[in-house]
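Encoded as structure tokens, the structure appears first; notes follow it.
Naming convention: chains lettered A, B, ... in sequence-line order (proteins, then strands); numbering from 1 in each chain.
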Amino acid sequence: MNSPLIKLPVTTREGVFIAHYSETGLTGLDFPKLSKRIPSARISGGNPSKPMAGQIRRWHRATTAALKSILGGRAAKTFPPFDWSGKTKFQQAVWNEMLKLGPGETRSYGEIAEAIGKPKAVRAVGGACGANPIPVLVPCHRILAANQKIGGFSGGLKWKMKLLAREGVGFI
DNA sequence: GACAGATGAAGGA
DNA sequence: TCCTTCATCTGTC
């Protein structure tokens, strides 16, 4: 496994997201804690060597820029490397498929299942979406249920609706 | 090995 | 048209 894990705050208009980094890339992204005070910006959880810290700062800039772009309803220009070690091939296939979606572009769980060559694994796709550690950047909010129904969202439907509204996506 | 899940489709009222 | 039920597949415990 990868360690240590570095946590860095990403301040946006929507609140402060917490990005988690390992030695190989971004491992996770936490939604802002609603109605909580904004934590002070500091590196915590690890003690990276100097070259590592510089690299993580670069990744963090990319994460911040990508997050702000997506929250603004625009496509992210660059992404940090994602660290999906420990995740299953199936989950990675689902998330890679989601990364191909641009702003305002949506797919159904069934379409994602079909795209990865497992057209009947629709429920499993839902499970992979729920296991997505990097919401927003890996746009699981762009996955709708059949007939444009909103479905569910691990970070809370409120976020899903907000993100989709930003991108001008209509849903039921 | 059993169970649960962010689905989808079909059938009945 | 809406609701209920069931089939299907994968991940997790």
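The interatomic distance linking A/Ile172 (CD1) with C/dT1 (P) rounds to 13 Å, in whole Å. Distance, A/Glu114 CD to C/dC9 P: 14 Å, rounded to whole Å. A/Tyr109 places its OH atom 22 Å from the P atom of C/dT8, with the value rounded to the nearest Å. For the pair A/Asn132 CG and C/dT10 P, the computed distance is 19 Å after rounding to whole Å. Going from atom CD1 of A/Ile116 over to atom C1' of C/dC9 covers 10 Å, rounded to whole Å. Atom CD in A/Gln148 sits about 20 Å away from atom P in B/dA6, given to the nearest Å. Remark: P of B/dA6 and CH2 of A/Trp95 are 15 Å apart, rounded to the nearest angstrom. In this structure, A/Arg123 atom CZ and B/dC3 atom P are separated by 15 Å, rounded to whole Å.
Side-chain proximity of A/Lys160 to the nucleotides B/dA6, C/dC9, B/dG8 is greatest for B/dA6. Considering only the side chain of A/Gln91, C/dT12 comes nearest among C/dT12, B/dG8, B/dA6. Considering only the side chain of A/Lys120, C/dC9 comes nearest among C/dC9, C/dG11, B/dA6. Set against C/dT8, B/dA6, C/dT10, the side chain of A/Ala124 has C/dT10 as its closest nucleotide.
Minimum interatomic distance between A/Val16 and A/Pro9 (heavy atoms only, all atoms of both residues): CG1-CB, 3.5 Å. Closest approach of A/Ser22 and A/Trp59 over heavy atoms only: O-CZ3, 3.3 Å.
When the side chains of ILVMFWY residues are joined at heavy-atom separations under 4.5 Å, either directly or via intervening members, A/Leu144 and A/Ile116 end up in a single hydrophobic cluster. Using a 4.5 Å cut-off between side-chain heavy atoms of Ile, Leu, Val, Met, Phe, Trp and Tyr, with links allowed through other members, A/Leu101 and A/Val122 fall into different hydrophobic clusters.
Among the heavy atoms of the strands lying under 4.0 Å from A/Thr88 are primed sugar atoms or P, OP1, OP2 only; no base atom is included. Note on A/Gly127: nothing from the nucleic acid sits closer than 4.0 angstrom, heavy atoms only. Within 4.0 Å (heavy atoms only), A/Ala121 reaches sugar-phosphate atoms of the nucleic acid but no base atom. Contact annotation for A/Phe90: backbone-only contact, meaning every heavy-atom pair under 4.0 Å involves sugar-phosphate atoms and none involves a base.
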Inset, instruction - Tell me, with the steps shown, if A/Arg107 and A/Glu97 meet salt bridge (charged side-chain N to carboxylate O under 4.0 Å, His left out). - result: CA-CA 10 Å; A/Arg107 292 285 185 279; A/Glu97 204 56 41; over 6 Å; no
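Under the 30°/60° scheme for interplanar angles, the aromatic rings of A/Phe153 and A/Phe31 are found to stand perpendicular. Ring geometry, A/Phe79 versus A/Phe82: the interplanar angle falls from 30° to 60°, so the pair is classed tilted.
Heavy-atom distances to DNA chain B give each of A/Asn147 and A/Val125 a nearest nucleotide, and the one nearer the 5′ end belongs to A/Val125.
With respect to A/Glu14, the salt bridge (Lys or Arg N to Asp or Glu O under 4.0 Å) criterion is satisfied by exactly one of A/Arg166, A/Lys158, A/Lys68: A/Arg166.
Distances shorter than 4.0 Å separate some side-chain N or O of A/Lys118 from OP1 or OP2 on C/dT10.
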Legend entry - Dot-bracket encoding per residue of DNA chain B, Watson-Crick/G-U cut-off under 3.5 Å, | denoting interstrand: |||||.|||||||
